[in-house]
Amino acid sequence: MRTAGAFLLLSALLHVVGVALEGFRSESLFLLGPAALYVLLFAGLTRNMIWVAWIAFICMLGGAVGTVAELASVPIAPRWVLWGILGADLV
């Protein structure tokens with residue numbers, strides 16, 4: 001579960017990087033919510049909580065779908081950050 005947790009942290013970090021690169025615009029601040037959630041899920045995974053792993057799985061799938069939607073519209077973060085988020089979410 002630690003490997004999955006590493007990708008959660010990577011995705012959370014990329015969310016924060018995206019907000020920072022956009023200059024903390026109000027549109028990009030949305031990304032801080034998923035980043036905080038992913039950090040909390042990581043904490044649960046480090047304690048080997050299976051139910052947290054299922055929640056993380058569902059959140060990462062939802063995050064991947066949301067990221068694809070962002071890539072198809074006017075992005076709220078640089079595209080390379082969104083592609084990184086998508087990759088981390090899918091792995």
Side-chain angles (χ1 to χ4, degrees):
M1 279 202 258
R2 291 189 187 269
T3 303
F7 286 104
L8 274 168
L9 280 183
L10 175 62
S11 184
L13 176 67
L14 286 169
H15 279 77
V16 173
V17 166
V19 172
L21 289 176
E22 287 297 312
F24 295 93
R25 290 183 329 171
S26 60
E27 296 87 9
S28 66
L29 288 178
F30 164 78
L31 294 174
L32 293 179
L37 174 64
Y38 287 177
V39 170
L40 291 173
L41 291 171
F42 169 75
L45 288 178
T46 60
R47 290 170 179 77
N48 293 321
M49 298 176 165
I50 298 295
W51 64 273
V52 172
W54 283 105
I55 293 172
F57 175 69
I58 292 167
C59 288
M60 296 295 269
L61 286 178
V65 169
T67 303
V68 169
E70 278 300 316
L71 285 167
S73 67
V74 178
I76 59 175
R79 289 195 181 276
W80 67 269
V81 171
L82 294 176
W83 281 109
I85 291 170
L86 180 62
D89 286 355
L90 291 176
V91 171

Should Val91 and Ile85 be regarded as members of a common hydrophobic cluster, given that ILVMFWY residues are connected when their side-chain heavy atoms come within less than 4.5 Å of each other, either directly or indirectly? yes
Scan for side chain to side chain donor-acceptor pair (under 3.5 Å) pairs involving residues 82-91, sequence neighbours excluded, and state none if there are none. Ser11-Asp89
Find the distance between CG (Leu13) and CG (Leu8) and round it off to the nearest 0.5 Å. 12.5 Å
Under a 4.5 Å side-chain heavy-atom rule over Ile, Leu, Val, Met, Phe, Trp and Tyr, are Phe57 and Leu37 clustered together? yes
Sorted by first residue and then second, give each side chain to side chain donor-acceptor pair (under 3.5 Å) pair with at least one member in residues 64-76; sequence neighbours left out. none
Keeping to residues at least two apart or across chains, list the side chain to side chain donor-acceptor pair (under 3.5 Å) pairs with something in residues 32-46. none
Nearest heavy-atom neighbours spanning Ala88 and Leu10: CB-CD2, 4.0 Å
Heavy atoms of Ser28 and Val19 approach each other most closely as O-CG2, 3.0 Å
hydrophobic_cluster_shared for Met60 and Leu32, side chain cutoff 4.5 Å: no
Hey, quick one: are Phe24 and Val17 part of the same hydrophobic cluster, counting side-chain heavy atoms closer than 4.5 Å, chains of contacts allowed? no
Please list all pairs passing the salt bridge (charged side-chain N to carboxylate O under 4.0 Å, His left out) test where one or both residues lie in residues 7-25, with sequence neighbours left out. Glu22-Arg25, Arg25-Glu27
Separation of Leu31 CG from Leu14 CG (nearest 0.5 Å): 10.5 Å
Side-chain donor/acceptor pairs under 3.5 Å, residues 74-82, sequence neighbours excluded:
| unit_1 | atom_1 | unit_2 | atom_2 | d |
| --- | --- | --- | --- | --- |
| Arg79 | NH1 | Leu71 | O | 2.8 |

Can you list everything that forms a side chain to side chain contact (heavy atoms under 4.5 Å, CB included) with Ala53? Sequence neighbours excluded, please. Met1, Leu45
